[in-house]
Student: 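Here it is: the structure, laid out below.
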Protein chains: 2
Amino acid sequence: MSECQVNNALEAIVGKWKHKLLFPLLNNETMRFNELKREIPGITQKMLTSQLRELEDHDLVTRKVYAQIPPKVEYSLSEHGKSLIPILDMMSEWGAAHAAHLATRNEEQIKNTRKEGKEHA
Amino acid sequence: MSECQVNNALEAIVGKWKHKLLFPLLNNETMRFNELKREIPGITQKMLTSQLRELEDHDLVTRKVYAQIPPKVEYSLSEHGKSLIPILDMMSEWGAAHAAHLATRNEEQIKNTRKEGKEHA
DNA sequence: TGGTATAGTATACAAAAGGAAACTATAGGG
DNA sequence: CCCTATAGTTTCCTTTTGTATACTATACCA
């Protein structure tokens with residue numbers, strides 16, 4: 001296992017918005033710019049553009065421009081992008097376990113605080 | 001697969017330095033503050049402290065303080081922290097594949113550029 | 001002539017992250 | 001009395017990110 005390769009992987013999917021774009025694209029074969037924007041509440045056009053460009057640079061997302069007016073651009077997950085699915089799956093599973101772990105830990109801390117309170121009383 | 005859980009997972013290990021701390025801690029049962037600092041070139045004390053605190057908050061790293069002077073503090077991967085290993089492994093593998101993918105893609109682009117050059121000549 | 005729609009850019013600003021360097025505590029050694 | 005060592009904290013500054021808002025092009029429609 002190499003820290004440098006982990007870094008490569010993280011760079012591809014990390015960012016405030018980047019991995020949030022992946023999910024709508026997993027569920028829809030193709031998506032248009034404004035469609036993505038509607039799916040991701042709070043994102044600005046600038047952020048959506050820049051994050052899509054970065055995903056494109058990593059060849060995770062494919063951008064197809066139609067020479068029309070008004071413009072039409074379709075985004076979709078590339079074949080290479082789909083190779084991320086198992087990792088996202090695993091992270092999702094671990095994320096859930098992690099959240100549960102922290103929740104029980106915090107409950108225990110609250111119990112201990114109460115005990116201490118009684119001891120001091 | 002849930003975007004929110006992936007987010008939980010990413011939050012735990014993302015940051016310019018956080019995952020870089022994990023590797024020395026995987027290879028050594030316990031490590032002291034300055035030992036970690038030496039292992040991670042370029043990190044400042046402030047960053048090392050803050051990232052260690054965040055890992056501790058997520059219960060990925062355990063901090064043991066010895067009441068000595070000069071101070072002695074030992075950091076180690078918690079049991080929960082060790083549950084990250086399969087994910088790091090997978091990310092490392094994907095990161096290598098990803099780097100290779102981008103490399104061949106770029107080579108092809110260079111070839112195509114040369115072809116275009118000849119065509120125009 | 002003016003409004004609509006799409007997929008963006010451009011500009012200005014605010015907030016967050018990160019870096020550099022100085023400062024802290026205190027036991028032991030010279 | 002000063003120096004060393006460890007594990008930080010504090011302050012100030014710079015860089016990076018992100019937000020808000022306005023602006024662009026152009027075919028079609030009324």
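Quick note: numbers below take in every heavy atom, side chains included, and nothing from hydrogens, waters or symmetry partners. Bear in mind that the values here come from a model prediction, so they are computed numbers and not experimental data. Just so we're on the same page: letters track the sequence lines, and every chain starts at 1.
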Student: With A:Trp94, which residues qualify under ring-ring contact (aromatic ring centres under 6.0 Å, His included), at least two apart?
Tutor: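 In terms of ring-ring contact (aromatic ring centres under 6.0 Å, His included), with neighbours along the sequence ignored, A:Trp94 is linked to A:His98, B:His80.
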Student: Pairs under 3.5 angstrom only: tabulate donor-acceptor contacts from the side chains of residues 29-48 of chain A to other protein residues two or more places apart or in another chain.
Tutor:
residue: A:Arg32; atom: NH2; partner: A:Pro71; partner atom: O; Å: 3.3
residue: A:Glu35; atom: OE1; partner: A:Arg32; partner atom: N; Å: 2.9
residue: A:Thr44; atom: OG1; partner: A:Met47; partner atom: N; Å: 3.3

Student: Do any pairs count as a salt bridge (charged side-chain N to carboxylate O under 4.0 Å, His left out) and have a residue in residues 47-67 of chain B, sequence neighbours left out, and if so which ones?
Tutor: B:Lys18-B:Glu54
Student: What are the 5'-most and 3'-most nucleotides of DNA chain C lying under 4.0 Å from any heavy atom of chain A?
Tutor: C:dA5 to C:dA12
Student: Let's see if you get this right: which residues in residues 5-19 of chain B place a heavy atom under 4.0 Å from DNA chain D?
Tutor: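 Under 4.0 Å from DNA chain D: no residue of residues 5-19 of chain B.
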Student: Would a single hydrophobic cluster contain both B:Trp17 and B:Tyr75, if residues Ile, Leu, Val, Met, Phe, Trp and Tyr are joined by side-chain heavy-atom contacts under 4.5 Å?
Tutor: yes
Student: Do any N or O atoms from the side chain of A:Thr62 and from the backbone of A:Leu77 form a donor-acceptor pair under 3.5 angstrom?
Tutor: no
Student: State the CG-CE distance between B:Leu84 and A:Met90, to the nearest 0.5 angstrom.
Tutor: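 Here the rounded value is 9.5 Å.
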Student: Run the salt bridge (charged side-chain N to carboxylate O under 4.0 Å, His left out) test against B:Lys82 and tell me which residues pass, sequence neighbours left out.
Tutor: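 Result, salt bridge (charged side-chain N to carboxylate O under 4.0 Å, His left out) vs B:Lys82: B:Glu79.
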Student: Between A:Leu22 and B:Glu3, is the side chain to side chain contact (heavy atoms under 4.5 Å, CB included) condition met? List the steps.
Tutor: CA-CA 9 Å; A:Leu22 259 23; B:Glu3 179 256 313; over 6 Å; no
Student: For DNA chain D, what residues of residues 51-76 of chain B have any heavy atom nearer than 4.0 Å?
Tutor: B:Arg53, B:Arg63, B:Pro70, B:Pro71, B:Lys72, B:Val73, B:Tyr75
Student: Decide whether A:Leu26 and B:Leu10 are clustered together by the hydrophobic rule: side chain heavy atoms of Ile, Leu, Val, Met, Phe, Trp, Tyr closer than 4.5 Å, transitively.
Tutor: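 Linked within one cluster.
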Student: What is the first contacted nucleotide of DNA chain D and what is the last, in 5' to 3' order, if contact means an atom lying under 4.0 angstrom from a heavy atom of chain A?
Tutor: D:dG18 to D:dA27
Student: Kindly determine whether B:Lys20 and A:Val6 satisfy side chain to side chain contact (heavy atoms under 4.5 Å, CB included), including the steps that lead there.
Tutor: CA-CA 9 Å; B:Lys20 293 198 163 85; A:Val6 171; over 6 Å; no
Student: Show the nearest heavy-atom pair for residues A:Pro24 and A:Leu21, with the distance to one decimal.
Tutor: CD-O, 3.3 Å
Student: Supply the atom-to-atom distance B:Ile87 CD1 to A:Met91 CE, rounded to the nearest 0.5 angstrom.
Tutor: 7.0 Å
Student: Looking at residues 20-45 of chain B, who's got a heavy atom less than 4.0 Å off DNA chain D?
Tutor: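 Close to the strand are B:Arg32, B:Phe33, B:Asn34, B:Gln45.
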Student: Given axes from five pairs at either end, by how many degrees does the helix from C:dT1-D:dA30 to C:dG30-D:dC1 bend, rounded to 10°?
Tutor: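 Comparing the axis at each end, I get an angle of 30°.
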Student: Going by side-chain hydrogen bond (donor to acceptor under 3.5 Å, both in side chains), name the residues that satisfy it together with B:Gln5, two or more places apart in sequence or in a different chain.
Tutor: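 B:Gln5: side-chain hydrogen bond (donor to acceptor under 3.5 Å, both in side chains) contacts with B:Asn8.
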Student: What do you reckon, is CD of A:Glu93 surrounded by more than 12 foreign heavy atoms closer than 6.0 Å?
Tutor: no
Student: Which residues satisfy the salt bridge (charged side-chain N to carboxylate O under 4.0 Å, His left out) test with B:Glu107, sequence neighbours excluded?
Tutor: none
Student: Taking all non-hydrogen atoms of both residues, which atom of B:Ser92 and which atom of A:Ser2 are closest, and how far apart?
Tutor: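 Nearest pair, atom of B:Ser92 first, then A:Ser2: OG-N, 3.0 Å.
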Student: With side chain to side chain contact (heavy atoms under 4.5 Å, CB included) as the criterion, how do A:Ile13 and A:His58 come out once you've worked through the C-alpha distance, each side chain's angles and the decisive distance to 0.1 Å?
Tutor: CA-CA 9 Å; A:Ile13 54 169; A:His58 282 271; over 6 Å; no
